[in-house]
K.L.:
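Sharing a structure here in structure tokens format.
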Protein chains: 2
Amino acid sequence: MNIGEAAEATGVTAKMIRHYEQIGLIKAAGRTGAGYRVYGPNDLSTLSFIRRSRDLGFSIAQIRDLLALWQDRARASSEVKRIASDHIAEMRAKMRLLEDMVGTLEHLSANCHGDARPDCPILQQLATGNAETSCC
Amino acid sequence: MNIGEAAEATGVTAKMIRHYEQIGLIKAAGRTGAGYRVYGPNDLSTLSFIRRSRDLGFSIAQIRDLLALWQDRARASSEVKRIASDHIAEMRAKMRLLEDMVGTLEHLSANCHGDARPDCPILQQLATGNAETSCC
DNA sequence: GTGCACCTTCCCATCATGTCAAGGTCAAGC
DNA sequence: GCTTGACCTTGACATGATGGGAAGGTGCAC
């Protein structure tokens, strides 16, 4: 199986497959006489594993660890769970940041009439750090 | 005022001030005879504006537009409001993505006993795309 | 006149991914 | 056999915002 087929089968682009090989996330693929990379069922499983992990937002470093655990039959599931929990915590932290920013900005936006007039509490806040809101 | 003092006063690192100058987000600062950048009150206001905008998650491109509007006395507040609304929508979209990922991962994590045993629904899901959850 | 803190420019790194370019390979059709 | 087009190869460069560091000039206090 060539890289293009592997890419189509797993949803990982050929570009990224080469990249993952280069950074050592996956082992170097076999080659044909002409230098084409060749992939078998095991490789496809690994690539699909990586793609699902990326879909869940895991970083390459985390995926590296998850792959190692996956291939270790004596692994403890607590290790996996810890990585997942850490990742959940990171994502929650990002969500909180976004929530705060959205909250502030919505508040400002709600007080902006948004018409042709130039005065604007959003710019006011950005300029002075202190919005003259009429609401509270 | 030198760049270090300007950095301390506004919370924008000297590194980033130089960078913002280089990409044309702010106009080139004046220089002393020795080539040191010099900043005045107006420059500090601009830098603070940028920092507050970054704190609200605006991109450099958006800040460029906001700065232009800020410095345009004839601006329409509707323009500002539109930029803010777009940004809120982007942040909400990111939050939704995170929520989905967190939801899926928490579900898997809840079904992972997380002890010394090797079987693990998280890895199961990543490997097969189909978790053998016992819950539903 | 020395030492130290600060400034300058320039280059490289992050993280995951995309784009582009220049060239080699394979299979099909003529 | 030769051409064509799809595919492959490597390599370089870009993104966005920021950090780090090196090598060298400047300013001020002692």
Side-chain angles (χ1 to χ4, degrees), chain A residues 1-26 28-40 43 46-47 49-67 86-87 90-91 93-94 97-98 101, chain B residues 1-26 28-40 43 46-47 49-67 86-87 90-91 93-94 97-98 101:
Chain A
M1 208 172 197
N2 281 347
I3 199 171
E5 297 166 282
E8 182 141 15
T10 61
V12 182
T13 63
K15 190 75 188 177
M16 291 317 297
I17 295 176
R18 293 193 196 99
H19 180 59
Y20 291 154
E21 180 182 312
Q22 211 200 341
I23 64 175
L25 185 64
I26 55 181
R31 300 284 183 132
T32 67
Y36 283 24
R37 288 175 179 81
V38 181
Y39 297 90
D43 303 314
T46 303
L47 288 171
F49 184 101
I50 292 173
R51 195 177 100 75
R52 290 192 199 95
S53 302
R54 293 289 307 134
D55 286 349
L56 286 177
F58 284 105
S59 70
I60 297 294
Q62 287 170 323
I63 295 174
R64 213 181 281 270
D65 294 344
L66 289 173
L67 274 174
D86 287 355
H87 181 43
E90 287 163 19
M91 290 195 288
K94 279 187 197 164
L97 273 184
L98 284 168
M101 295 191 291
Chain B
M1 207 174 198
N2 280 347
I3 197 169
E5 297 166 281
E8 181 139 14
T10 62
V12 181
T13 63
K15 194 84 182 174
M16 291 316 297
I17 296 177
R18 293 193 195 99
H19 179 61
Y20 292 154
E21 180 181 312
Q22 209 201 342
I23 64 175
L25 184 65
I26 56 182
R31 301 283 184 132
T32 68
Y36 282 25
R37 288 176 180 81
V38 181
Y39 297 90
D43 302 314
T46 303
L47 288 171
F49 184 100
I50 292 173
R51 195 177 101 74
R52 288 191 199 97
S53 302
R54 292 290 307 133
D55 286 350
L56 286 176
F58 284 105
S59 70
I60 297 294
Q62 287 170 322
I63 295 173
R64 211 181 283 269
D65 294 344
L66 289 172
L67 273 174
D86 286 356
H87 181 42
E90 287 163 20
M91 290 195 288
K94 278 187 198 166
L97 272 184
L98 284 169
M101 294 191 292

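First the proteins, then the strands, lettered A, B, ... as listed; each starts at 1.
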K.L.:
Write down the distance between CG (B/N2) and C1' (C/dT8), rounded to a whole number of angstrom.
P.N.:
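So the two atoms are 12 Å apart, to the nearest Å.
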
K.L.:
In whole Å, what is the span from the CD1 atom of A/I17 to the P atom of C/dG18?
P.N.:
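Rounding to the nearest Å, CD1 of A/I17 and P of C/dG18 are 12 Å apart.
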
K.L.:
Output the rounded distance in Å from CD (B/E8) to C1' (C/dC7).
P.N.:
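Atom CD in B/E8 sits about 16 Å away from atom C1' in C/dC7.
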
K.L.:
If I compare all heavy atoms of A/F49 with all of A/L67, which pair ends up nearest, and what's the gap?
P.N.:
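The answer is CD2-CD2, 3.5 Å.
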
K.L.:
Considering residues at least two apart in sequence or located in another chain, which fulfil the side-chain contact (heavy atoms from CB on, under 4.5 Å) criterion with B/I60?
P.N.:
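With neighbours one apart ignored, the set is B/Y20, B/I23, B/L25, B/R54, B/R64.
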
K.L.:
Using heavy atoms and a sub-4.0 Å distance, could you list which residues of residues 55-65 of chain B are near DNA chain C? By number, please.
P.N.:
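DNA chain C contact set from residues 55-65 of chain B: none.
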
K.L.:
Considering the terminal five base pairs at each end of the helix from C/dG1-D/dC30 to C/dC30-D/dG1, what angle separates the two local helix axes, rounded to 10°?
P.N.:
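The helix from C/dG1-D/dC30 to C/dC30-D/dG1 shows an end-to-end axis angle of 30°.
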
K.L.:
Without swapping roles, check the side chain of A/D43 against the backbone of A/G40 for a donor-acceptor pair under 3.5 Å.
P.N.:
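Pair found, side chain donor or acceptor close to backbone of A/G40.
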
K.L.:
Report the residues that fulfil salt bridge (charged side-chain N to carboxylate O under 4.0 Å, His left out) with A/D55, sequence neighbours left out, ordered by chain and then residue number.
P.N.:
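Testing A/D55 for salt bridge (charged side-chain N to carboxylate O under 4.0 Å, His left out), a comparison that skips the adjacent residues, returns A/R51.
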
K.L.:
Go through the structure and list residues passing side-chain contact (heavy atoms from CB on, under 4.5 Å) with A/M91, not counting sequence neighbours.
P.N.:
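For A/M91 the side-chain contact (heavy atoms from CB on, under 4.5 Å) partners, ignoring immediate neighbours, are A/H87, B/L98, B/M101, B/V102, B/L105.
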
K.L.:
If the condition is side chain to side chain donor-acceptor pair (under 3.5 Å), which residues does B/D86 pass it with, not counting sequence neighbours?
P.N.:
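Here the qualifying residues are B/R82.
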
K.L.:
Taking OH from A/Y20 and C1' from C/dT17, how many angstroms apart are they, rounded to a whole number?
P.N.:
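Distance, rounded to whole Å: 8 Å.
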
K.L.:
Walk along DNA chain D from 5' to 3' and tell me the first and last nucleotide with an atom closer than 4.0 Å to a non-hydrogen atom of chain A.
P.N.:
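Result: D/dC7 to D/dA12.
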
K.L.:
Tell me: NE2 of A/H19 to P of C/dG18, nearest whole Å?
P.N.:
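After rounding, the reported distance stands at 11 Å.
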
K.L.:
Rounded to the nearest 0.5 Å, what's the gap from CG on A/D65 to CZ on A/F58? Could you check?
P.N.:
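Nearest 0.5 Å value for the CG-CZ distance: 10.5 Å.
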
K.L.:
Mind checking the CD1-CG spacing from B/I63 to B/L56? Nearest 0.5 Å is all I need.
P.N.:
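Between B/I63 CD1 and B/L56 CG, I get 9.5 Å after rounding to 0.5 Å.
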
K.L.:
Taking only N/O atoms, report every protein-nucleotides 24-26 of chain C pair under 3.5 Å with atom names and distance.
P.N.:
| from | atom 1 | to | atom 2 | distance (Å) |
| --- | --- | --- | --- | --- |
| C/dG24 | N2 | A/Y36 | OH | 2.8 |
| C/dT25 | O4' | A/Y36 | OH | 3.1 |
| C/dT25 | O2 | A/Y36 | OH | 3.3 |

K.L.:
Could you check whether B/R18 gets within reach of a base, just the sugar-phosphate, or nothing at all, counting any heavy atom under 4.0 Å?
P.N.:
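Here B/R18 touches the bases of the nucleic acid.
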
K.L.:
For A/T13 and for B/E21, locate the closest nucleotide of DNA chain C by heavy-atom distance; then report the residue assigned to the nucleotide nearer the 5' terminus.
P.N.:
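Residue closer to the 5' terminus by nearest nucleotide: B/E21.
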
K.L.:
With a 3.5 Å cut-off and sequence neighbours excluded, list the donor-acceptor pairs that the side chains of residues 10-17 of chain A form with protein atoms.
P.N.:
| from | atom 1 | to | atom 2 | distance (Å) |
| --- | --- | --- | --- | --- |
| A/T10 | OG1 | A/A6 | O | 2.8 |
| A/T10 | OG1 | A/V12 | N | 3.3 |
| A/T13 | OG1 | A/M16 | N | 3.2 |

K.L.:
Whole angstroms only, please: what is the CD-C1' distance between A/Q22 and C/dT17?
P.N.:
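So the CD-C1' distance, A/Q22 to C/dT17, works out to 13 Å.
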
K.L.:
Kindly write out the residues that satisfy salt bridge (charged side-chain N to carboxylate O under 4.0 Å, His left out) with B/R37, not counting sequence neighbours, or none if the list is empty.
P.N.:
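Counting only residues at least two positions away or on another chain, B/R37 forms a salt bridge (charged side-chain N to carboxylate O under 4.0 Å, His left out) with B/E21.
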
K.L.:
Taking side-chain contact (heavy atoms from CB on, under 4.5 Å) as the definition, give me every residue that meets it alongside A/N2, ordered by chain and number, with sequence neighbours left out.
P.N.:
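Scan of A/N2 (side-chain contact (heavy atoms from CB on, under 4.5 Å), adjacent residues dropped) gives A/E5, A/Y36.
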
K.L.:
Which atom pairs link the protein and nucleotides 19-21 of chain C when you take only N or O atoms and keep those under 3.5 Å?
P.N.:
| from | atom 1 | to | atom 2 | distance (Å) |
| --- | --- | --- | --- | --- |
| C/dT19 | O4 | A/K15 | NZ | 2.3 |

K.L.:
Can you tell me how far NE2 of A/H19 sits from CD1 of A/I26, rounded to the nearest 0.5 angstrom?
P.N.:
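The NE2 atom of A/H19 is 10.5 Å from CD1 of A/I26, to the nearest 0.5 Å.
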
